[in-house]
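Data first, discussion second: the structure below is written as structure tokens.
Excluded from the calculations below are hydrogen atoms, water molecules and symmetry mates; all remaining heavy atoms, backbone and side chain alike, are included.
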Amino acid sequence: MKTPLWFPQSFFARTLWLVLIVVLFSKALTLVYLMMNEDVLVDRQYSHGAALTLRAYWAADPEDRAHIAAAATLKQVSADQVPPTEQHWPYSEIFLRQMQAELGPDTEVRVRVKSPPALWVRAPNLGDGWTKVPLYPHPLRGQKIWSVLGWFLGIGLLSTAAAWIFVRQLSAPLKRLVFAARQLGQGRSVRLPVSDTPSEMTEVYRAFNQMAEDVEQGARERELMLAGVSHDLRTPLTRLRLSLELLDSDSELTEDMIRDIEDMDAILDQFLAFIRDGRDEKPESCDLSELVREVVAPYNQQREQVRLCLEQVPPFPLRRVSMKRLLTNLLENALRYGGQGVEVVANLSGDSSAPYVVLSVLDRGPGIDPAELGELFNPFIRGDRARGGKGTGLGLAIVKRIASLHGGSVELRNRSGGGLEARICLPLGLLLPRDAV
């Protein structure tokens, strides 16, 4: 949805509006509370009535004051009989301010709500001494402070909720950028909309879109270049192979040359497979067990070279051709170095909220130095010192790319008793759990 023109277009303006709205919201609710709180209004009126009574008492003739005091139940007391005041915010302050406003700024007020409730007032502008004014049984209810606190707590919670909603709206473009960056890292084509974002993020989105376009264009050009190289090299390689096969000589040198040509052709295939990592292939719901059996079948035609141990796994989206390439690369490595002890194991792991599939290819070869395990997934890196020197060093790099393309991970582990395990974790949901092992 496009942002309306009247809506703030920058982060600064939106934050300023957020603070202003929350402050005005809090003030409005506070005003509503003060207007609706009858206790405050009653106490103001009561203090006003007490002030009028005292003014009438002191304005009367001395001989009439006794009659007024008896009628209004007023009592003259000495200073030593006046108890200390009790603090009941905001009611004590209301009485004090009201009395000082009506009887003079030098007026002193003492308030007691404990039985018997009373009000002691000394107004030098009217007369000397303290006058005790009785209060009604419940003029000030101290427990009402909790209603005040509860109301202001509610205001704070509502203001916080409003601020949370606005901040969430402000952070949404950043979250969208993070998600798009992850999608781009997984090889997906993604673009960010620039029409409904704050002005500061518009330039960031444009730069991201330009970067994504440049990355995809570079990948297309690289793929086209390697495809051209592969095509141009395969023609003379095929000619050389035919020429060697047509030679009458059956020397060992001729056979070695043919094998070298076949290796060169396989190297070209590996380069193309590394560039075309399957990102253009659409995922389809596949049965992993059937796919594994399909890949392993050619290796077990003459005799069983690969043992299967497959648990029932529910179908989930896979790039079929890419997964076959992944399994083939792992099986080729395992058979080359592991001899007869090659196994393929698949099982379901994780809990119901985040299930994932563990696919392992195991062998009983010499294993790899633990210090080299993390580097073998880099292109052109081979574990030569432990497991021989053939290959291009792209097989495991291709495996890692395909696993990442499916949102999964790959790990190499040395096995107890000798050998290596290549473990692939593939999520059945959207994400792979962090504790996937």
Side-chain angles (χ1 to χ4, degrees), residues 22-160 162:
V22 170
V23 170
L24 292 178
F25 182 68
S26 301
K27 295 295 184 183
L29 289 181
T30 303
L31 180 62
V32 170
Y33 172 78
L34 293 177
M35 294 179 64
M36 294 178 59
N37 193 323
E38 62 179 13
D39 285 348
V40 175
L41 299 178
V42 168
D43 294 333
R44 282 188 182 278
Q45 188 64 30
Y46 191 88
S47 62
H48 176 66
L52 291 178
T53 302
L54 288 173
R55 290 169 63 182
Y57 171 76
W58 288 107
D61 296 330
E63 61 271 12
D64 294 330
R65 287 177 186 170
H67 300 290
I68 295 176
T73 63
L74 301 179
K75 184 179 179 180
Q76 288 290 115
V77 296
S78 60
D80 58 350
Q81 294 179 330
V82 179
T85 189
E86 294 177 353
Q87 290 296 327
H88 295 278
W89 184 87
Y91 308 108
S92 301
E93 284 77 5
I94 291 175
F95 272 86
L96 178 60
R97 289 195 301 269
Q98 189 77 19
M99 290 297 184
Q100 289 179 342
E102 299 201 30
L103 305 180
D106 297 334
T107 301
E108 297 181 56
V109 179
R110 307 283 176 85
V111 180
R112 300 284 288 183
V113 298
K114 294 182 180 179
S115 183
L119 183 71
W120 287 264
V121 182
R122 178 178 174 273
N125 291 341
L126 301 179
D128 295 330
W130 289 84
T131 304
K132 179 181 178 181
V133 183
L135 299 180
Y136 292 119
H138 303 287
L140 296 175
R141 287 172 284 184
Q143 64 270 23
K144 283 296 182 179
I145 187 63
W146 297 112
S147 67
V148 177
L149 294 178
W151 182 271
F152 281 100
L153 178 62
I155 293 175
L157 291 176
L158 288 175
S159 301
T160 303

**Request:** Answer whether the closest heavy-atom distance between the side chains of Gln76 and Thr131 falls below 4.5 Å.
**Result:** yes

**Message:** Given Trp58, which partner from the list Leu126, Leu103, Asn125 fulfils the side-chain contact (heavy atoms from CB on, under 4.5 Å) test?
**Reply:** Leu126

**Asked** So do Val109 and Leu119 actually touch side chain to side chain, heavy atoms under 4.5 Å?
**Response** yes

**Within 6.0 Å of CG in Asp61, more than 12 heavy atoms from elsewhere** = yes

**Check: Arg65 side chain, Ala60 main-chain N or O, donor-acceptor pair, under 3.5 Å** = yes

**Fill in**
dist Arg122:CZ -> Asp128:CG (nearest 0.5 Å) comes out at 7.0 Å

**Request:** Determine the minimum heavy-atom distance between Arg110 and Pro84, stating which atoms define it.
**Result:** NH1-CA, 4.2 Å

**Item:** Heavy-atom closest pair, residues Val121 and Thr107
**Value:** CG1-CG2, 3.8 Å

**Prompt:** About how many Å separate CD1 of Ile68 and CG of Leu54, when rounded to the nearest 0.5 Å?
**Reply:** 11.0 Å

**Message:** Using 0.5 Å steps for rounding, measure from the CD atom of Gln81 to the CH2 atom of Trp120.
**Reply:** 10.5 Å

**Heavy-atom closest pair, residues Ala69 and Tyr57** = CB-CE1, 3.9 Å

**Fill in**
Those residues at least two apart in sequence (or on a different chain) that pass side-chain contact (heavy atoms from CB on, under 4.5 Å) with Ala72 are Thr53, Leu74

